[in-house]
Amino acid sequence: MTTNIAPEADWDLAPNVLEGARELRLSPEQCDLDYWIANVAQGTLKGLVNGHHPDAVTPDYMAKPGPLRDALLFEFSFRSIAEDKAARAITSLVQNAPDVKSMEFYATQLIDEARHAQAFRAHMLEVGVAETELDDVIEEYAGEHQRNVLDPLEEFGLEVMNGPHAFVSGVAVLTILVEGVLAPTGELSEHKWKIVDPAAASVERGAGIDEIRHLTVGSEIVKRHLERDPSLKPHLADVVRRGNELWAKLPVLAVLQRREELFQAGIEQIADVIGDHEIWPGRRLLDSTPDERIATALQWAAETQTTRLAYMGMGE
């Protein structure tokens with residue numbers, strides 16, 4: 001990676017999501033527009049092709065019909081819609097930002113999310129989806145789950161972003177209830193696809209580097225607002241409570257279950273390729289199960305949320 005790039009934006013040095021959530025501290029002043037141009041546009045993104053490193057290839061078997069390709073299309077269709085919705089919602093934070101540095105940061109996050117959506121779609125083309133059919137494929141694989149999961153989340157987020165204390169409430173929703181849940185599942189995907197489809201894993205790595213920055217800066221913004229005005233705490237706690245209650249009502253497990261069942265059927269067909277590769281230390285990918293991977297992703301999401309809430313001053 002290019003020299004003089006901030007470690008958290010360096011492809012090889014940046015921590016994973018869980019490490020970043022526990023240890024990294026970044027502010028909107030640090031991550032302004034100049035930071036993004038120097039460290040992201042000219043650092044993280046330098047040399048990428050379709051959102052991944054050019055040497056991260058897609059094996060030929062990923063273009064063949066079957067459960068493995070279906071798992072990839074299912075996952076990346078859903079992710080592309082989620083990132084697209086995040087980019088659109090962030091326009092509210094750009095508009096309501098109380099200072100220039102916060103406005104600049106969320107302007108860069110808007111670009112990040114739009115780029116993630118683009119990278120997920122681009123990789124779908126790399127596994128053989130025709131560009132003229134891409135929208136139909138996304139609808140086929142993720143349309144139902146968009147309506148059952150993502151649309152209600154979007155509706156809740158927009159309600160909060162247009163309600164009392166719009167800016168900090170919107171930051172809390174994005175940081176705790178969106179990034180804090182989806183980023184750890186993206187990290188699991190990076191581990192899953194690393195040997196199966198290196199290009200897909202590389203796309204997830206690039207997105208994860210950005211999400212660490214989004215999580216840490218968003219947490220810092222909420223923390224500062226609470227320090228300046230402790231009376232905000234009951235309101236923000238209520239936002240988080242209602243958001244978590246909504247998550248619990250949505251059929252998220254059904255989405256994860258379908259995705260992991262397809263992935264499981266697919267990896268069993270290429271067991272000779274995977275061999276003893278470990279999805280995490282001490283656990284072979286081939287020995288892991290859909291339920292185990294889902295439980296791990298949910299555990300990582302809970303740990304990330306707990307860590308971020310404690311840092312903000314809302315740990316209880």
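In this chain, numbering begins with 1 at the start of the sequence shown.
Formation of a donor-acceptor pair under 3.5 Å by the E104 side chain with backbone atoms of L33 is found in this model. In terms of modelled atom types and a separation under 3.5 Å, the side chain of N39 and the main chain of A9 share no donor-acceptor contact. Of the possible polar contacts, none joining the K101 side chain to the S27 backbone as a donor-acceptor pair under 3.5 Å is found. Looking at W300, its side chain never comes within 3.5 Å of a backbone N or O of L18 through a donor-acceptor pair.
A salt bridge links R224 with E29: at least one charged nitrogen is closer than 4.0 Å to a carboxylate oxygen. Between K223 and E227 there is a salt bridge, since at least one side-chain N of the basic residue sits less than 4.0 Å from a carboxylate O of the acidic one.
Under the 4.5 Å side-chain contact rule for hydrophobic residues, L24 and L13 do not share a cluster. Under a hydrophobic clustering in which Ile, Leu, Val, Met, Phe, Trp and Tyr are joined whenever their side-chain heavy atoms come within less than 4.5 Å, directly or via other members, V57 and I267 fall into different clusters. Placement of W280 and V17 within a single hydrophobic cluster is found when ILVMFWY residues are connected by side-chain heavy-atom separations under 4.5 Å, directly or transitively.
At most 12 non-hydrogen atoms from other residues, nucleotides or ligands lie less than 6.0 angstrom from CD of E155. Remark: E245 CD is packed, more than 12 non-hydrogen atoms of other residues, nucleotides or ligands lying under 6.0 Å away.
The side-chain heavy atoms of Q30 and E8, taken from C-beta on, include no pair separated by under 4.5 Å.
Not a single ring-ring contact (aromatic ring centres under 6.0 Å, His included) links Y311 to another residue, sequence neighbours left out. Take N96 and apply the side chain to side chain donor-acceptor pair (under 3.5 Å) test, not counting sequence neighbours, and it matches S92. The side chain to side chain donor-acceptor pair (under 3.5 Å) test applied to S80 returns no partner, not counting sequence neighbours. For the side-chain contact (heavy atoms from CB on, under 4.5 Å) test, residues two or more places apart in sequence or in another chain that qualify with E154 are K85, D151, L158. Remark: E303 engages Q299 in a side chain to side chain donor-acceptor pair (under 3.5 Å) (not counting sequence neighbours).
Among the candidates K192, R293, Q264, the single residue satisfying the side chain to side chain contact (heavy atoms under 4.5 Å, CB included) test with R259 is K192. Between L285 and the options K194, H191, H277, a side chain to side chain contact (heavy atoms under 4.5 Å, CB included) holds for only H277.
Within the structure, every pair that satisfies the side chain to side chain donor-acceptor pair (under 3.5 Å) test and touches residues 118-128, not counting sequence neighbours, is listed here: N50-E126, H52-E126, H123-E126, H123-D197.
R308 and S219 share a donor-acceptor pair across their side chains, judged by distance under 3.5 Å alone.
Taking each heavy atom of A114 and A87 in turn, the nearest pair found is N-CB, 3.9 Å. Nearest heavy atoms, V173 versus G157: CG1-CA, 4.2 Å.
In this structure, H53 and W11 have parallel ring planes: the angle between them is below the 30° cut-off, well short of the 60° mark.
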